[in-house]
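Just below is one structure, and these are the notes that go with it.
In this chain, residues are counted from 1 in sequence order.
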Amino acid sequence: MTTSSEPAKTSGNALGHSQPWLHQKGEVIQEFGTVKQFPLGLSHDARMYSCQRLNRVLADTQILYGLYKKHHWLLRGATFYQLHLLLDKHAGDQLALVDTIAERVQTLGGVAVGDPRHVAEITSIPRPPDGVEEVPAMLSRLLAAHETILVEAHDAAARTAELGDDGTNDLLVSQVIRTGELQAWFLAEHLVDTPLVRS
């Protein structure tokens with residue numbers, strides 16, 4: 001007799017051997033906020049600290065990615081086409097950072113924050129309105145989120161360097177900070193009020 005979560009056992013039937021075992025449950029094998037031992041030449045405390053800081057940057061970066069996609073979809077007005085493309089490119093860059101930061105947490109033996117509900121508990125970036133804002137407000141919101149991440153990343157980079165975690169320092173400086181600074185520049189230049197040229 002079989003149950004709904006147990007595939008039928010049939011002798012000699014290929015279908016019975018390819019049925020997935022559905023609705024499985026298991027124990028949590030590593031808690032969030034812990035690090036396991038890896039032979040990386042870094043102390044437990046250094047790796048723990050780096051994972052904590054990286055997870056904060058990771059949570060904020062996931063929120064920034066979501067903001068970019070939201071504003072990419074909801075843009076209106078004369079600058080729609082150019083900003084639609086720009087925000088989508090920036091979103092792609094942020095998504096790549098999400099993966100890189102998460103993999104660094106895992107490399108250090110930690111647990112990367114991944115569930116959007118958990119991310120919402122950790123992030124320091126304010127939630128935007130559910131509706132559509134005017135374009136300058138959208139860009140200002142993105143700039144504020146970038147600055148939040150940049151402040152956190154600058155401090156985390158300096159402190160992880162003091163602890164000897166050169167890999168985390170390099171990731172924060174060469175990828176998170178440099179990408180964020182460049183994207184902030186592109187956004188800020190769209191908020192410059194240039195005078196009309198009259199003939």
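Remark: side-chain polar atoms of His84 are paired, donor with acceptor, to backbone N or O of His72 under 3.5 angstrom. At distances below 3.5 Å, at least one donor-acceptor pair connects side-chain atoms of Asn55 with backbone N or O atoms of Val111. Listed for the Gln24 side chain is a donor-acceptor partner under 3.5 Å among the backbone atoms of Trp21. In terms of modelled atom types and a separation under 3.5 Å, the side chain of Thr34 and the main chain of Gln30 share no donor-acceptor contact. Put simply, the side chain of Arg141 never gets that close to the backbone of Pro126: no donor and acceptor are under 3.5 Å apart.
Ring pair His146/His90 is perpendicular by interplanar angle, where above 60° counts as perpendicular and below 30° as parallel.
Looking only at side-chain heavy atoms (C-beta outward), Leu74 and His71 stay at 4.5 Å or farther from each other. Taking 4.5 Å as the limit, some side-chain heavy atom of Ile149 sits within range of a side-chain heavy atom of Ile125. Here the side chains of Arg47 and Gln37 are in contact, with some heavy-atom distance below 4.5 Å. Side-chain contact between Leu83 and Met138 is absent, with no heavy atoms from C-beta onward closer than 4.5 Å. A 4.5 Å side-chain heavy-atom check between Phe38 and Thr107 finds every atom pair outside the cut-off. The shortest distance between side-chain heavy atoms of Tyr68 and Leu142 falls below 4.5 Å. With a 4.5 Å cut-off on side-chain heavy atoms, Leu54 and Leu172 count as touching. Looking at heavy atoms from C-beta onward, Ile101 lies out of side-chain contact with Arg104 at the 4.5 angstrom threshold.
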Next item on the list: Please step through side-chain contact (heavy atoms from CB on, under 4.5 Å) for the pair Thr100 and Glu103, ending with a clear verdict.
Entry: CA-CA 5 Å; Thr100 301; Glu103 288 179 351; 5.6 Å; no
Next item on the list: In sequence, state the C-alpha distance, the side-chain angles, and the governing distance for Arg53 and Thr160, and then conclude on side-chain hydrogen bond (donor to acceptor under 3.5 Å, both in side chains).
Entry: CA-CA 9 Å; Arg53 297 303 297 267; Thr160 55; over 6 Å; no
Next item on the list: Applying side-chain hydrogen bond (donor to acceptor under 3.5 Å, both in side chains), run through Ser50 and Asp165 and close with a yes or a no.
Entry: CA-CA 8 Å; Ser50 291; Asp165 187 354; 2.6 Å; yes
Check: Can you list the steps and then say if Asp60 with Ser124 is a side-chain hydrogen bond (donor to acceptor under 3.5 Å, both in side chains)?
Finding: CA-CA 7 Å; Asp60 287 346; Ser124 54; 3.2 Å; yes
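Enclosure of atom CZ in Arg56 by more than 12 non-hydrogen atoms of other residues, nucleotides or ligands within 6.0 angstrom is indicated. Residue-environment remark: CD (Gln106) exceeds the threshold of 12 foreign heavy atoms within 6.0 Å.
Under 3.5 Å, the side chains of Gln94 and Gln62 contain no donor-acceptor pair of N or O atoms. For the residue pair Thr179 / Asp93, no side-chain donor-acceptor distance below 3.5 Å is found, with atom types taken as modelled.
Ionic pairing of Arg76 and Glu134 is not present here: no N-O contact between side-chain nitrogen and carboxylate oxygen is shorter than 4.0 angstrom.
Of all heavy-atom pairs between Leu58 and Ala112, the closest is CD2-CB, 3.9 Å. Here the closest non-hydrogen pair linking Val119 and Ala59 is CG1-O, 3.4 Å. A pairwise comparison of heavy atoms in Ala157 and Val173 identifies CB-CG2, 3.8 Å as the closest pair. Taking each heavy atom of Ala184 and Leu143 in turn, the nearest pair found is O-CD2, 3.3 Å. The two residues Ala145 and Leu64 make their nearest non-hydrogen contact at CB-CD1, 3.8 Å. Between Ala91 and Lys69, the shortest heavy-atom distance links the atoms CB-CD, 3.6 Å.
Note on Trp185 and Leu139: same hydrophobic cluster, where clusters join Ile, Leu, Val, Met, Phe, Trp and Tyr whose side-chain heavy atoms are under 4.5 Å apart, directly or indirectly. At a threshold of 4.5 Å between side-chain heavy atoms, the hydrophobic network of Ile, Leu, Val, Met, Phe, Trp and Tyr places Phe186 and Leu95 in two separate groups. Both Val105 and Leu40 sit in one connected hydrophobic cluster of ILVMFWY residues. Membership requires side-chain heavy atoms under 4.5 Å apart, directly or through other members. Under the 4.5 Å side-chain heavy-atom criterion for ILVMFWY residues, a single connected hydrophobic cluster contains both Leu191 and Leu182. When the side chains of ILVMFWY residues are joined at heavy-atom separations under 4.5 Å, either directly or via intervening members, Leu163 and Ile177 end up in two distinct hydrophobic clusters.
How far CG of Leu87 is from CD of Gln82: 10.0 Å, rounded to the nearest 0.5 Å. Remark: Trp73 CH2 to Asp88 CG distance equals 9.5 Å, nearest 0.5 Å.
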